[in-house]
Amino acid sequence: MLEVVPLPAFTDNYIWTLRDARSAAVVDPGDARPVLDYLAREGLALAAILATHHHPDHVGGIAELVAAHEAPVFGPKGEPIPALTHPVGEGDSAEIPALGATFSVLEIPGHTRAHVAYYGLGSLFCGDTLFACGCGRVFEGTPAQMLASLQKLAALPDATKVYCGHEYTLANIRFARAVEPGNALLAAREARAQALRDAGKPTLPSTLGEERATNPFLRCAEPAVVESANKYLGARAADPVRVFAAIREWKNKS
Ligand SMILES: [Zn+2]
């Protein structure tokens, strides 16, 4: 049975660690130190590194990790990932034999040009594309690409566990409540997230069902979200991409 353990890094990153009794794979190790400490403390071998995109807070620890532990490094082809041994894209899979685990690779460009997600075992590791009740900033792609990527993730089953790269949930829920004040599920979600943070626990993983019900960036066709986008724009948003772009811009400024 695999367990997924969050290793906190920097101020709000999580390095997701899949492990059994002997081995561990890590997703987006921006810093090597928490991973090296964890492997040593638990007596685990490093089975693989999975990178979602090239930002330093996701890949900054890879070189130091592979210097200490030989392990395959999976990451998006088309992005500069340190020590990359397995460049992957849409339709590829990341196999981790030591853990008996295989993940499908989904290309989800927008935050960066070749950002990927890893999906398997009912879990989604989605880096900085889909966040709990939010989404990443659109740095290298277009709003149309980012929305298509989010819709691709939203098509996965309701029970899919969402492991994203940052603990941004409470701020995201507050923004979502401004976008969709009538969504009662958001108040309940905020109370649950606040209780977890007060107890020093991560708010993650969430589920895709929960995201579809409360994440405004997955709800760009909902009348209440469209109405808020129109209010922000002072005009009618012509289509879901314009709605998405408007609420993303509003969030950037909030
Ligand atoms: Zn990023």
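Quick caveat, the model's predicted, so the values are computed rather than measured. One is the number of the first residue; the rest follow in order along the sequence.
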How close do A47 and I96 get, heavy atom to heavy atom, and via which atoms? CB-CG2, 3.8 Å

Linking I/L/V/M/F/W/Y whenever any side-chain heavy atoms sit under 4.5 Å apart, do V243 and V138 land together? yes

Donor-acceptor pair, side chain of R242 and main chain of R236, under 3.5 angstrom: no

State the CG-CZ distance between L150 and F131, to the nearest 0.5 angstrom. 10.5 Å

Search all heavy atoms of R248 against all heavy atoms of C135 and return the closest pair with its distance. NH1-O, 2.7 Å

Could you check E79 against T112 for side chain to side chain donor-acceptor pair (under 3.5 Å), going step by step and ending with a plain yes or no? CA-CA 9 Å; E79 289 196 7; T112 59; 2.7 Å; yes

Considering all heavy atoms of both residues, which atom of I81 and which atom of A51 are nearest to each other, and what is their separation? CG2-CB, 3.9 Å

Tell me, do S149 and P109 make a side-chain contact under 4.5 Å, heavy atoms counted? yes

Using a 4.5 Å cut-off on heavy atoms from C-beta on, say whether the side chain of V179 contacts that of W250. yes

Quick check for you: to the nearest 0.5 Å, what is the distance between N215 atom CG and L130 atom CG? 6.0 Å

So with a 6.0 Å cut-off around CD of E227, is the heavy-atom count from everything else above 12? no

Would the distance check show the side chain of N172 and the main-chain N or O of A132 forming a donor-acceptor pair, the cut-off being under 3.5 Å? yes

Same cluster (ILVMFWY, side-chain, under 4.5 Å), L204 and L50: yes

Would you say the side chain of C126 lies within less than 4.5 Å of the side chain of V162, judging by non-hydrogen atoms? yes

Short side-chain to backbone donor-acceptor contact, D28 and Y14, under 3.5 Å: no

Starting from L156, can I reach V88 by hopping between I/L/V/M/F/W/Y residues whose side chains sit under 4.5 Å apart? no

Determine whether more than 12 heavy atoms belonging to other residues, nucleotides or ligands lie under 6.0 Å from atom CD of E222. yes

List the steps and the verdict of side chain to side chain contact (heavy atoms under 4.5 Å, CB included) for I247 and C220. CA-CA 9 Å; I247 58 174; C220 292; 4.3 Å; yes

Neighbour count >12 (heavy atoms, 6.0 Å) for atom CZ, R113: no

Side chain to side chain contact (heavy atoms under 4.5 Å, CB included) evaluation trace for Y232 with E249: CA-CA 9 Å; Y232 173 79; E249 186 187 296; 2.7 Å; yes

Under 3.5 Å: donor-acceptor pair, side chain of S228, backbone of V225: no

If Ile, Leu, Val, Met, Phe, Trp and Tyr residues are connected whenever their side-chain heavy atoms lie under 4.5 Å apart, and connections chain through other members, are V4 and L121 in the same group? yes

Distance check, rounded to the nearest 0.5 Å: L44 atom CG versus L39 atom CG? 6.0 Å

So, the side chain of Q145 versus the backbone of T142: is there a donor-acceptor pair under 3.5 Å, distance only? yes

Could you state whether L46 and L99 fall into the same hydrophobic cluster, counting links through intermediate Ile, Leu, Val, Met, Phe, Trp or Tyr residues with side-chain heavy atoms under 4.5 angstrom apart? no

Evaluate R33 against D37 for salt bridge (charged side-chain N to carboxylate O under 4.0 Å, His left out), listing each step before the verdict. CA-CA 6 Å; R33 184 45 47 195; D37 289 348; 3.0 Å; yes

To the nearest 0.5 Å, tell me how far C133 SG sits from R189 CZ. 4.5 Å

Please check if atom NZ in K152 has more than 12 non-hydrogen atoms from other residues, nucleotides or ligands closer than 6.0 Å. yes

Apply the test side chain to side chain contact (heavy atoms under 4.5 Å, CB included) to residues T207 and D158: give CA-CA distance (whole Å), side-chain angles for both, the deciding distance (0.1 Å), then the verdict. CA-CA 7 Å; T207 66; D158 266 354; over 6 Å; no

Donor-acceptor pair, W16 side chain versus C164 backbone, under 3.5 Å? yes

Step by step, work out the salt bridge (charged side-chain N to carboxylate O under 4.0 Å, His left out) result for E190 and R197. CA-CA 10 Å; E190 184 170 24; R197 297 310 288 150; over 6 Å; no

Between P157 and T160, which heavy-atom pair has the shortest distance, and what is it? O-OG1, 2.6 Å

Quick one: do I15 and V35 satisfy side chain to side chain contact (heavy atoms under 4.5 Å, CB included)? Show the steps, please. CA-CA 8 Å; I15 301 169; V35 179; 3.9 Å; yes

How about R177 and F175: do any of their side-chain heavy atoms sit closer than 4.5 Å? no

P8 versus N13: any side-chain heavy-atom pair under 4.5 Å? no

Whether the side chain of E167 engages the backbone of T203 through a donor-acceptor N/O pair (distance < 3.5 Å, no angle test) should be reported. yes

We want to know whether T102 and E95 form a side-chain donor-acceptor pair, criterion being a heavy-atom distance below 3.5 angstrom. no

Search all heavy atoms of L170 against all heavy atoms of Q194 and return the closest pair with its distance. CD1-OE1, 3.5 Å

Smallest separation among heavy atoms of V73 and P82, with atom names: CG1-O, 3.9 Å

Is any side-chain heavy atom of I49 less than 4.5 Å from a side-chain heavy atom of V66? yes

Starting at OH of Y118, measure out to CG of L124 and round the result to the nearest 0.5 Å. 12.0 Å

Report the distance from atom CZ of R219 to atom CD of E180, rounding to the nearest 0.5 Å. 4.0 Å

Which side chain to side chain donor-acceptor pair (under 3.5 Å) pairs, counting each pair once, include a residue from residues 119-136, with sequence neighbours left out? H53-D128, H58-D128, H111-D128, H115-T129, D128-H166

Enumerate, atom names and distances included, each donor-acceptor pair closer than 3.5 Å involving a side-chain atom of residues 20-27, sequence neighbours excluded.
| unit_1 | atom_1 | unit_2 | atom_2 | d |
| --- | --- | --- | --- | --- |
| D20 | OD1 | R22 | N | 2.8 |
| D20 | OD1 | S23 | N | 2.8 |

Would you call the rings of F125 and F103 parallel, tilted or perpendicular, taking 30° and 60° as the class edges? perpendicular

Could you check whether any side-chain heavy atom of P6 comes within less than 4.5 Å of a side-chain heavy atom of T17, counting everything from C-beta outward? no

Side chain to side chain, L36 and E64, heavy atoms closer than 4.5 Å: yes

